[in-house]
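Contents: one structure, followed by commentary.
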Amino acid sequence: MDKKKILVVDDESRMRKLVRDFLVRNDFDVIEAQDGEEALEIFFGENDIDLIILDIMMPRRNGYEVCSEIREHSKVPIIMLTAKGEETDELQGFDLGVDEYISKPFSPKVLVARVEAVLRRTSPDEEEKLEIGGIVIDQAAHTVHIDEKSVELSFKEFELLTYFIKNQGIALSREKILNNVWNYDYFGDARTIDTHVKKLRSKMGDKGNYIKTIWGMGYKFECER
């Protein structure tokens with residue numbers, strides 16, 4: 001099996017080395033970039049980057065700018081690193097389509113575990129499709145069609161819709177959604193989910209009504225057959 005290729009982007013050489021050493025030790029290939037501009041050059045010059053670990057505060061294009069530009073062309077998984085711990089920063093990152101958000105300092109072992117978890121979530125079993133009420137999700141191709149029309153979703157929107165459909169008819173608390181879709185305990189503002197649900201509903205058109213709000217708790221996916 002081919003090794004997964006990780007692009008590590010950070011302007012601190014010691015941080016890049018720390019992350020690289022642990023990833024290589026866990027059988028990943030690693031490419032390094034020391035700023036946002038170099039990261040974009042490498043990413044668009046390589047056709048097989050499997051995941052990006054991206055710092056926020058960098059010269060020549062910060063992490064948000066890099067993420068935004070990449071998301072215009074690719075759904076490659078992105079884990080964002082930052083020295084900041086403000087919820088608004090995390091919300092901005094998730095809003096741009098970041099898959100994980102880790103604050104410095106962090107345990108390299110935890111980072112590796114997050115990398116492996118994100119890769120598992122974004123590399124589903126081949127030929128696995130979900131179909132309900134005019135919605136077709138192809139997990140292998142990472143595509144969504146509604147009434148036979150392609151719908152562009154971010155990674156988190158895709159995972160959120162998939163989670164809703166797999167748990168149709170079940171009332172899901174915000175905490176449960178965060179722990180399953182974001183794959184770790186998140187103690188920030190519930191607006192993280194509400195923002196994604198609002199955008200997901202909008203992109204789904206009339207089918208967005210399948211996602212019901214359960215006031216004071218969370219959401220439930222119900223298909224009106």
Side-chain angles (χ1 to χ4, degrees), residues 1-124 142 154-156 158-159 178 181-188 192:
M1 183 177 179
D2 293 337
K3 292 183 179 181
K4 296 292 186 180
K5 185 178 293 185
I6 313 296
L7 174 59
V8 177
V9 189
D10 197 305
D11 60 329
E12 297 181 30
S13 59
R14 286 182 297 178
M15 179 60 67
R16 293 199 308 273
K17 184 179 186 304
L18 175 68
V19 173
R20 179 191 185 99
D21 287 349
F22 271 83
L23 289 173
V24 169
R25 194 177 304 170
N26 285 271
D27 210 29
F28 291 102
D29 279 338
V30 177
I31 299 176
E32 298 180 36
Q34 62 183 354
D35 57 52
E37 197 66 40
E38 183 181 12
L40 291 171
E41 291 173 2
I42 291 174
F43 179 77
F44 289 112
E46 296 273 347
N47 296 320
D48 55 352
I49 298 294
D50 295 296
L51 182 143
I52 300 172
I53 297 176
L54 180 64
D55 190 30
I56 289 182
M57 303 304 293
M58 296 184 298
R60 301 178 67 211
R61 311 288 288 276
N62 63 38
Y64 293 133
E65 293 172 321
V66 172
C67 179
S68 179
E69 183 159 341
I70 287 176
R71 278 291 172 261
E72 291 181 6
H73 306 278
S74 171
K75 294 180 180 179
V76 64
I78 296 175
I79 295 177
M80 189 165 275
L81 304 179
T82 179
K84 297 180 179 179
E86 295 295 326
E87 292 175 8
T88 52
D89 295 317
E90 297 192 19
L91 288 171
Q92 182 177 351
F94 286 135
D95 192 46
L96 289 172
V98 171
D99 295 272
E100 289 281 9
Y101 198 103
I102 304 178
S103 296
K104 299 175 183 178
F106 55 84
S107 162
K109 290 183 179 179
V110 170
L111 176 63
V112 170
R114 297 275 180 85
V115 167
E116 292 174 341
V118 169
L119 288 172
R120 283 195 301 270
R121 296 203 310 270
T122 55
S123 302
H142 215 274
S154 70
F155 261 116
K156 274 292 171 279
F158 181 91
E159 292 175 358
L178 283 168
V181 177
W182 274 259
N183 204 45
Y184 68 101
D185 293 330
Y186 177 83
F187 300 102
T192 298

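- Closest non-hydrogen pair, Leu51 versus Val115, comes out as CD1-O, 4.1 Å.
- Across Leu7 and Ala33, no two heavy atoms sit closer than the pair CD1-CB, 4.3 Å.
- A salt bridge between Asp21 and Lys17 is present, with a side-chain N of the basic residue lying under 4.0 Å from a carboxylate O of the acidic one.
- In this view, Asp35 and Glu37, Glu38, Pro59, Arg60 satisfy the side chain to side chain contact (heavy atoms under 4.5 Å, CB included) rule, not counting sequence neighbours.
- Residue Leu40 holds its CG atom at 9.0 Å from NE2 of His73, rounded to the nearest 0.5 Å.
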Using a 3.5 Å cut-off and no angle test, enumerate the donor-acceptor pairs between side-chain atoms of residues 8-15 and protein atoms at least two apart in sequence or in another chain.
unit_1, atom_1, unit_2, atom_2, d
Asp10, OD1, Glu12, N, 2.8
Asp10, OD2, Lys104, NZ, 2.9

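- Under a 3.5 Å cut-off, the side chain of Lys156 and the backbone N or O of Asp99 do form a donor-acceptor pair.
- Nearest heavy-atom pair, Gly36 versus Val66, reported as atom, atom and distance to 0.1 Å: CA-CG2, 3.5 Å.
- Between Leu119 and Asp50, the shortest heavy-atom contact is CD2-O, 3.8 Å.
- When all heavy atoms are compared, the tightest approach of Phe44 to Ile70 is CZ-CA, 4.4 Å.
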- [ ] Go through the steps for Phe22 and Leu111 under the test side-chain contact (heavy atoms from CB on, under 4.5 Å), then give the verdict.
- [x] CA-CA 9 Å; Phe22 271 83; Leu111 176 63; over 6 Å; no

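- Put simply, the side chain of Val112 does not reach to within 4.5 Å of the side chain of Arg25, judged on heavy atoms.
- Using cut-offs of 30° and 60° for the angle between ring planes, the His142 and Phe158 rings count as parallel.
- Of the listed residues (Lys3, Lys5, Lys4), just one forms a salt bridge (charged side-chain N to carboxylate O under 4.0 Å, His left out) with Asp27, and that residue is Lys3.
- A pairwise comparison of heavy atoms in Ile102 and Phe106 identifies CG2-CB, 3.7 Å as the closest pair.
- Note that CG of Asn62 and CG of Leu54 are 8.5 Å apart. Values are rounded to the nearest 0.5 Å.
- With sequence neighbours excluded, the residues forming a side chain to side chain donor-acceptor pair (under 3.5 Å) with Glu69 are Arg61, listed by chain and number.
- Atoms CD1 and OH, on Ile79 and Tyr101 in that order, are 13.5 Å from each other to the nearest 0.5 Å.
- Interatomic distance, CE of Met80 versus CD1 of Ile53, reported as 12.0 Å (0.5 Å rounding).
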